[in-house]
Protein chains: 2
Amino acid sequence: MNLCKGRSYMDQVNLKKLAKELNLAVSTVSRALRDSHEISSQTKERVRELALKLGFQPNPHASSLRQNKSKTIAVIIPEIENNFFSQVINGIESITPNKGYHVLIYLSHEDYNKERDILQLLGNGRVDGVMISFSNSTTNYEHVEAWQKAGIPLVFFDRTCDELDVPNVMTNDAEMAFKATEHLLKRGCKNIAFLGMAGSLSITNRRKVGYLQALEKFKVTNPPQIVELTSKDYSNREILRQLFEGPSRPDGIFAAIEKFAVNTYEVCKEMDLHIPQDVKVISFSNLQAAALFDPPLSTIIQPAYDIGREAASILFKLIEKKMLLPYEKKMILPSQLIERNSTAITG
Amino acid sequence: MNLCKGRSYMDQVNLKKLAKELNLAVSTVSRALRDSHEISSQTKERVRELALKLGFQPNPHASSLRQNKSKTIAVIIPEIENNFFSQVINGIESITPNKGYHVLIYLSHEDYNKERDILQLLGNGRVDGVMISFSNSTTNYEHVEAWQKAGIPLVFFDRTCDELDVPNVMTNDAEMAFKATEHLLKRGCKNIAFLGMAGSLSITNRRKVGYLQALEKFKVTNPPQIVELTSKDYSNREILRQLFEGPSRPDGIFAAIEKFAVNTYEVCKEMDLHIPQDVKVISFSNLQAAALFDPPLSTIIQPAYDIGREAASILFKLIEKKMLLPYEKKMILPSQLIERNSTAITG
DNA sequence: AAATTCTTTGCAAACGATTTCGAAAAATGT
DNA sequence: ACATTTTTCGAAATCGTTTGCAAAGAATTT
């Protein structure tokens with residue numbers, strides 16, 4: 001039985017302890033540490049000195065409870081074993097420490113139900129704002145609408161949603177998809193397949209639009225081939241095998257997702273199809289090592305770091321109740337197309 | 001001026017509101033929701049029903065403050081744009097949601113001072129436990145010792161530290177380094193260079209030991225070549241260029257870090273050195289795409305996901321004040337060596 | 001000198017959930 | 001019918017910080 005009030009860690013230092021030590025009121029100590037104008041500079045100095053000496057740090061939960069702000073944001077992404085999202089997190093983290101903010105990470109694993117549960121879990125003040133990139137199984141946005149009712153700031157990035165009035169940050173997907181397709185056509189492809197993520201992802205849709213527009217603009221006679229893959233390598237390879245064995249074997253592959261380019265390489269290797277002789281490949285990808293592939297992979301590099309940084313900046317503007325500039329409501333950061341040997345012209 | 005007590009969001013639902021609505025005491029509602037035995041099942045049912053209807057979620061800061069636990073853990077890693085750490089996070093996340101826990105991510109960017117500051121920042125109850133993989137500039141562990149005084153659970157993973165009595169989870173670095181070096185020797189290399197991270201990382205040391213042991217055991221006459229690289233691609237390439245242009249050009253490269261193998265490939269390509277004819281390469285790496293490199297890269301794959309999962313499990317055991325089994329104090333999960341063409345025998 | 005400001009500090013009430021303690025009410029035993 | 005236990009619930013303290021308000025003293029003005 002604890003007779004004295006002290007807990008097991010006697011060195012737990014809080015405002016009360018500081019106040020007693022200094023013979024001041026708790027409120028005075030609190031104000032001194034927050035550099036309030038209504039405290040004399042001598043008192044402030046005394047307080048700060050002792051606080052430093054005892055290594056005082058305010059209890060974040062007490063502060064959060066009182067001030068109704070958590071100094072924390074959440075990032076919800078579909079997966080993390082993906083260069084793009086890692087770089088986004090890096091970009092986010094380039095902002096948060098300066099703002100005195102902390103970052104919670106949540107993975108939806110491409111599962112709508114998990115995504116909904118996570119969002120719901122964050123409802124009651126655990127975070128001051130959320131950045132989300134949707135899972136591929138997300139087809140409705142009720143969970144987001146429910147969230148919006150709480151009035152907590154929200155920003156979409158990359159896998160966005162146009163239907164809701166929420167700021168979003170992304171790249172020029174359609175434009176780059178157009179350019180990628182155009183690039184393949186100019187390299188002599190006649191029959192280009194588009195590898196997209198199954199589901200109704202915004203990025204897949206935008207990229208698909210660019211692909212189709214290019215086919216149309218350049219009056220390609222072969223019909224478009226839209227192949228839907230998933231996050232499972234095994235089944236992707238099987239689908240690709242069938243694609244290449246099928247009646248209209250593509251001579252060009254435009255992968256909307258890095259992973260699908262990897263799957264394509266794997267299957268081509270296995271089936272002894274040569275890139276770029278038999279089939280040319282280009283892909284959205286943020287892999288540094290793409291240049292080391294056999295053959296080096298032509299890529300569209302997304303400004304992942306910048307997307308994370310800008311999305312975080314916008315979120316903080318919302319949190320600080322600043323007005324957004326018009327372009328910040330829908331920010332588009334351009335990607336870059338890097339031509340490599342996977343789309344080289346062959347004899 | 002707010003005359004009524006209500007805040008801007010009238011739908012903010014808390015225990016008090018539930019209690020008033022049900023004509024019960026706050027304490028009763030709280031107990032009912034926590035399924036206390038001292039509440040009748042009818043009352044519980046009434047409470048639960050309304051709570052569900054109004055979408056009640058307890059305020060996490062109030063709970064944390066009262067219970068002195070945050071239901072949050074922190075993961076401190078040197079960088080995130082690295083497959084290994086991404087997979088570790090994935091492994092960690094495979095545990096946390098079931099435990100009702102949240103995950104904060106912090107990046108030290110290979111900077112001791114940042115690492116120290118982060119650890120210090122987490123001191124006052126923001127987290128119930130910490131998992132850390134040290135930065136390469138960390139040469140002393142005073143920040144950890146300071147942390148230990150607070151008595152908050154801690155686990156090291158991968159880049160560990162033997163000097164402190166803290167549970168750690170890692171792979172069999174020395175053994176695999178030995179095998180990698182042995183592998184190169186058996187493939188005919190006479191002059192193997194070791195590419196390690198500058199600084200005093202535990203993994204670099206362990207891997208270096210394995211490398212040296214292999215050279216000794218197989219009585220290699222050429223002296224060991226230990227090359228120290230950093231996280232900066234540009235300077236790494238410059239150092240590697242000098243290495244290959246230098247008097248004792250290596251015919252084998254053992255990269256202790258994935259990034260260094262990529263740098264090696266880049267430089268070899270640039271200098272028109274052929275892998276594996278001119279130089280054979282093997283590396284610790286968790287890149288799925290290693291098989292697609294030109295040539296496919298022989299790798300030592302670390303069980304990154306498992307390391308994350310096990311480290312998190314151990315952390316939770318500490319948090320729950322359970323005893324650790326002996327092997328959990330220093331857990332070693334084996335890596336796997338995959339031979340590919342970068343270490344093939346050449347005519 | 002009296003009245004007024006300004007400066008500096010303390011008191012006490014929040015914030016929302018948990019928990020100790022105690023008091024009714026109900027159920028049980030004698 | 002009375003004593004005892006068990007069940008069920010409410011009041012109030014608590015966690016540590018912030019903040020509105022009051023009050024005391026010093027400084028200024030009239």
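Please read these numbers as outputs of a predicted model, since none were measured by experiment. Lettering follows sequence order; numbering is per chain, from 1.
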**Bend angle of the helix from C:dA1-D:dT30 to C:dT30-D:dA1, end axes from five pairs each (to 10°)** =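 Computed angle between terminal axes is 50°.
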Whole angstrom is fine here: how far is it from [atom1] in [X] over to [atom2] in [N]?
{"X": "B:K17", "N": "C:dC15", "atom1": "NZ", "atom2": "C1'", "answer": "15 Å"}
{"X": "A:N59", "N": "C:dG16", "atom1": "CG", "atom2": "P", "answer": "17 Å"}
{"X": "B:Q57", "N": "C:dA17", "atom1": "CD", "atom2": "C1'", "answer": "14 Å"}
{"X": "A:N14", "N": "D:dT14", "atom1": "CG", "atom2": "P", "answer": "14 Å"}
{"X": "B:K20", "N": "C:dG16", "atom1": "NZ", "atom2": "P", "answer": "12 Å"}
{"X": "A:K69", "N": "C:dC15", "atom1": "NZ", "atom2": "P", "answer": "17 Å"}
{"X": "B:L65", "N": "C:dA17", "atom1": "CG", "atom2": "P", "answer": "12 Å"}
{"X": "B:R126", "N": "D:dT17", "atom1": "CZ", "atom2": "P", "answer": "13 Å"}

**Prompt:** Is it the case that A:E115 and A:T138 place a side-chain donor and acceptor less than 3.5 Å from each other?
**Reply:**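 Distance-only check passes for A:E115 and A:T138.
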**Message:** Categorize B:N124 for me: base, sugar-phosphate, or nothing, with a 4.0 angstrom heavy-atom threshold over every strand shown.
**Reply:**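 Counting heavy atoms under 4.0 Å across all strands, no contact is made by B:N124.
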Check: [Y] main-chain N/O paired with [X] side-chain donor or acceptor under 3.5 Å:
{"X": "A:D128", "Y": "A:I73", "value": "no"}
{"X": "B:S64", "Y": "B:H61", "value": "no"}
{"X": "B:S133", "Y": "B:D158", "value": "no"}
{"X": "A:S137", "Y": "A:E110", "value": "yes"}
{"X": "B:R31", "Y": "B:I39", "value": "no"}

**Message:** Nearest 0.5 angstrom please: A:N82 CG to B:N90 CG, how far?
**Reply:**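 Here the interatomic distance stands at 11.0 Å.
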**Prompt:** With a 4.5 Å heavy-atom cut-off, do B:H143 and B:Y112 have their side chains touching?
**Reply:**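 Answer yes - side chains close enough.
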**Request:** May I ask you to list the residues of residues 28-50 of chain A, by number, that have any heavy atom positioned under 4.0 Å from an atom of DNA chain D?
**Result:**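 A:S30, A:R31, A:R34 - these, ordered by number, are the residues of the stretch whose heavy atoms sit under 4.0 Å from the strand.
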**Request:** Kindly say if B:Q67 contacts the phosphate of C:dT19, meaning a side-chain N or O under 4.0 Å from OP1 or OP2.
**Result:**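 So the side chain of B:Q67 is within the cut-off, an N or O lying under 4.0 Å from OP1 or OP2 of C:dT19.
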**Prompt:** For A:S30, which residues count as a side-chain contact (heavy atoms from CB on, under 4.5 Å) partner, sequence neighbours excluded?
**Reply:**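 Expected list: A:L15, A:R34.
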**Given DNA chain D, 5'-ward residue of the pair A:P60 and B:S27, judged by closest heavy atom** =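 First, find each residue's nearest nucleotide; the 5'-ward one identifies B:S27.
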